[in-house]
Amino acid sequence: MAKITISVIKADIGGYVGHSSMHPNILTRAMQILDDQKKKGLLIDFYVTHCGDDLELLLSHNQGENSGEIHKMAWDLFVECTEVAKQLKLYGAGQDLLSDAFAGNVKGMGPGCAEMTFEERESEPIIIFAADKTSPGAWNMPLYKIFADPFNTIGLVIDPKMHDGFTFEVLDIFENKIVKLNSPEDIYDLLCLIGASEHYIIKSVYNKNGEIAAVTSTQKVNLIAGRYVGKDDPVMMVRCQSGLPAVGEVLEPFSLPYMVAGWMRGSHWGPFMPVSVKDAHPTRFDGPPRVIALGFQLSQGTFIGPRDMFADPSYDLARQKANEIANYIRRHGPFEPQRLPLSDMEYTTLPQVLNKLKDRFK
Ligand code: F6R
Ligand code: MG
Ligand code: MG
């Protein structure tokens, strides 16, 4: 069977209200455009959703990764949806379209993108995660737990097909270099890097036969723009079952509302709250940061689904804990560790404040 490519391409092209959520007209417009593209044959199938103010396009096709045609189609869609956002005067219309002209690939231009190509298995369960009010490093901890931690993924111990472990591709976002590290052999080195989740970001995970298992979007919008334009609100895609982690093992790390960077003005630590799509609208202090998980069965590239995986009472405790943590850490106001450390404030007002005060430092 021919290989298929799944692309998740996302952008914040305007919020409703403020940066909290998405206007339904944007979703409708995006669906119309993708439906046309499906009829024209460019796409096998698509699904449109949002997490907070981010528009998420899930596409299946035969064009391969980094396809100019697919990326241009997504870019043009974001431009068209920005027009809808402008008509409604939605907030921050066109926020992520950092360049005026399309340059062949959405990567490095503002939108986020995660893609994988594989031969569809006899049954192909996949989960698409999308986040709002946080950065791509948010996937480091769950990916480690899913693919390297037997206390999360018992399959690493008792499924012979997983017993050899996995290979992690880690991106140094400042140097733009990738290192491959193996689990279990290199886990201490791996943790040494990915524990600094604002610097080293897991880009993809493969099994030891070289089969793709997970990918993330690794853009850093603030590094691209050179000034603060928002956190990246990343996406992640994970294949599940039959020698890969089970659906439940893939979801398990989110039972802990671990701390991620983002929240208000992209400048705070906050608990990552797993929510259903209907609750994916960060409000309190523009947060707390949210994550949704949509499960699909692929059938010849068609998305059967979604199942809204966090619309489940077994995540109630995580949500309650997230609210407790949010309450506690919020009381620190502008002080660390609620506020991010100085190194992560470089793209905010910090340089201006330092410049203004330079003669007053004696
Ligand atoms: C964080 C985010 C919001 C905004 C905040 C200020 O990623 O999107 O918290 O940073 O609402 O927004 P502006 O500067 O547009 O008024
Ligand atoms: Mg926004
Ligand atoms: Mg957002």
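Because only heavy atoms are used, hydrogens play no part in the values below, and waters and symmetry mates are left out as well, while side chains stay in. For ligands, and for the atoms within them, numbers begin at 1 and follow the listed sequence.
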**Q.** Shortest non-hydrogen contact between Glu115 and Gly64, atoms and distance
**A.** OE2-O, 4.4 Å
Q. Does Ser276 use its side chain to pair, donor to acceptor, with the backbone of Ala311 at less than 3.5 Å?
A.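 Not at all, since once roles are kept as given, no pair shorter than 3.5 Å links the two residues.
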Q: Find, among atoms of Asp53 that are N, O or S, the one nearest to the Mg ion (ligand 2), and state its name.
A: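 Of the nitrogen, oxygen and sulfur atoms in Asp53, the Mg ion (ligand 2) lies nearest to OD2.
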**Q.** Closest Asp12 atom to the Mg ion (ligand 2) [N, O or S only]
**A.**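 Asp12's closest N, O or S atom to the Mg ion (ligand 2) is named OD2.
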Q. Just checking, is any N or O donor in the side chain of Ser204 or Glu169 under 3.5 Å from an acceptor N or O on the other one?
A. yes
**Q.** Modelled atom types, side-chain donor and acceptor of Ser135 and Asp232, under 3.5 Å
**A.** no
Q: Using distance alone, decide if ligand 1 has a nitrogen or oxygen within less than 3.5 Å of any nitrogen or oxygen in Asp53.
A: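 Min N/O separation from ligand 1 is not below 3.5 Å for Asp53.
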Ligand 1 atoms in contact with [X] (distance to a heavy atom under 4.0 Å):
X: Met264; result: 9 (O)
X: Tyr91; result: 13 (P), 15 (O), 16 (O)
X: Gly266; result: 1 (C)

Restricting to N, O or S atoms, which atom of [X] is closest to the Mg ion (ligand 3)?
X: Asp233; answer: OD2
X: Asp132; answer: OD1
X: Asp54; answer: OD2

(Q) Quick check for you: with the Mg ion (ligand 2) as the vertex, what angle do ND1 of His19 and OE1 of Gln95 span, to 10°? (A)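 Taking the Mg ion (ligand 2) as the apex, the two atoms subtend 90°.
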Q) Between CD of Glu124 and CD of Glu119, what distance do you get to the nearest 0.5 Å? A)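 If I round to the nearest 0.5 Å, the distance is 10.0 Å.
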Q: Starting at OG1 of Thr218, measure out to CG of Leu171 and round the result to the nearest 0.5 Å.
A: 5.5 Å
Q. Is any side-chain N of the basic residue among Glu185 and Lys208 closer than 4.0 Å to the acidic one's carboxylate O?
A. yes
Q. Can Arg239 and Glu211 be counted as an ion pair, charged N to O under 4.0 angstrom?
A.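 So Arg239 pairs with Glu211 through a salt bridge.
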Q) If you measure from each heavy atom of Gly262 to ligand 1, is any distance below 4.0 Å? A) no
